[in-house]
Amino acid sequence: MTGVALGIGAWGLVSGVAMAKSGMSLPLGVLMSLLVFAGSAQLAALPLIAAGAPIWVVWATAVCVNLRFVIFSATWRAYFAPYPRWQRTAMAYFTADLNYVIFMARFPVPKPAPEQLPYFLGGVVVNWFAWQLPSLAGMLLGDSIPTAWGFGFAGTVALLGLMCSLLDHKAALMAAAVAGCAAVATYALPLKLNIVVAIAAAVAIGLLIDHTSPSAVAPLEDET
């Protein structure tokens, strides 16, 4: 995780500055950073909150942006199901995109092992501090950091690297392409609703490809 901590930190700094410049008070900004702990959802929700959007639009946008964590957590369950529910709930708070990618590269077989929990905890702790400290710094120094410095580019590059590492099959490639086209085509929609449209389009095309692709038929065993 130390190799990607710089990109995570830049993304956290951008989120902190965005919260400061949105007019959100410092206590609320700190509370949002600590409780939500999801940069994409925070950056998607902030313009809606600042524009006075209906609360259902804010919630719907945040939920749609974070739907990927349902998939991440369902995959992690195969590794951490033996642990108590309270422990899995606490672990769920710390989960993040890059933690998922790195963990799955280290443990590709979904089978519990003693070394998985320490590996998971080491990664998420590095990720948490790499995000929270720059995010808090951004809130405190928001007025002193010009947006023209372009810190958001480093965070964008980190997310692009994550996306490219996940595009390993046809359904994922097509879903990413459709999502990009849908986001650009509906960019003029108010309240950042093009994000919701892009996510819905990606899910739809991914499911369509998955259900229409021929699956391998397992050979029948000869029981005679």
Side-chain angles (χ1 to χ4, degrees), residues 7-8 10-19 21-24 28-29 32-33 35-76 92-93 95-101 104 131 135 138 147 150-213:
I8 295 171
W11 195 243
L13 183 64
V14 169
S15 297
V17 171
M19 283 189 281
K21 292 186 179 295
S22 70
M24 183 178 291
L28 281 178
M32 184 180 191
S33 182
L35 291 183
V36 178
F37 186 41
S40 300
Q42 288 175 226
L43 290 177
L46 278 174
L48 302 178
I49 296 173
I55 189 62
W56 71 266
V57 175
V58 178
W59 276 101
T61 301
V63 168
C64 288
V65 171
N66 277 348
L67 278 177
R68 65 193 187 280
F69 286 105
V70 177
I71 300 173
F72 294 170
S73 298
T75 306
W76 260 317
Y93 163 77
T95 57
D97 303 84
L98 292 172
N99 291 121
Y100 175 82
V101 173
M104 291 303 160
W131 171 268
S135 179
T147 54
F151 280 110
F153 181 71
T156 302
V157 169
L159 291 178
L160 284 173
L162 166 67
M163 183 190 73
C164 292
S165 67
L166 295 176
L167 301 180
D168 55 356
H169 56 278
K170 178 182 177 182
L173 284 168
M174 289 298 297
V178 169
C181 293
V184 173
T186 58
Y187 183 76
L189 288 178
L191 304 177
K192 300 287 185 180
L193 288 176
N194 63 315
I195 298 176
V196 179
V197 173
I199 294 170
V203 172
I205 194 66
L207 291 174
L208 179 63
I209 294 174
D210 186 59
H211 285 289
T212 56
S213 299

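This is a predicted model, so every value here is computed, not measured. Side chains are part of it too, since the values below use all heavy atoms of this structure and drop only hydrogens, waters and symmetry mates.
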> What distance do C64 atom SG and W59 atom CH2 have between them, rounded to the nearest 0.5 Å?
Replying inline: 13.0 Å
>> Minimum heavy-atom separation for S15 and L46, please, with both atom names.
In response: O-CD1, 4.3 Å
> Got a second to check how far D97's CG is from N66's CG, nearest 0.5 Å?
Replying inline: 8.5 Å
> Minimum heavy-atom separation for N194 to A183, with atom names?
Replying inline: ND2-O, 3.3 Å
>> For a quick check under 3.5 Å, do S33 and S135 share a side-chain donor-acceptor pair by atom type?
In response: yes
>> With rounding to the nearest 0.5 angstrom, report the CH2 to CG distance, W56 to L48.
In response: 10.5 Å
> How many angstroms lie between CD1 in I8 and CG in N99, if you round to the nearest 0.5 Å?
Replying inline: 7.0 Å
> Roughly how far apart are W11 CH2 and W131 CH2, rounded to 0.5 Å?
Replying inline: 7.5 Å
>> Can you classify the ring geometry of F72 versus Y100 as parallel (below 30°), tilted (30 to 60°) or perpendicular (above 60°)?
In response: parallel
> Any sub-3.5 Å donor-acceptor pair from T95's side-chain atoms to A92's backbone N or O?
Replying inline: yes
> Do L28 and M19 have side-chain heavy atoms sitting under 4.5 Å apart?
Replying inline: no
> What pairs with V36 under side-chain contact (heavy atoms from CB on, under 4.5 Å), at least two apart in sequence or on another chain?
Replying inline: M32, A38, Q42
>> Once rounded to the nearest 0.5 Å, what's the spacing between atom CD1 of I205 and atom CG of L173?
In response: 12.5 Å
>> Could you report the tightest heavy-atom contact between A179 and A198, atom names first, then the distance?
In response: O-CB, 3.4 Å
> Are any of the side-chain heavy atoms of V184 and Y187 separated by less than 4.5 Å?
Replying inline: no
> If you draw a 6.0 Å radius around CE in M174, do more than 12 non-hydrogen atoms from other residues or ligands fall strictly inside?
Replying inline: no
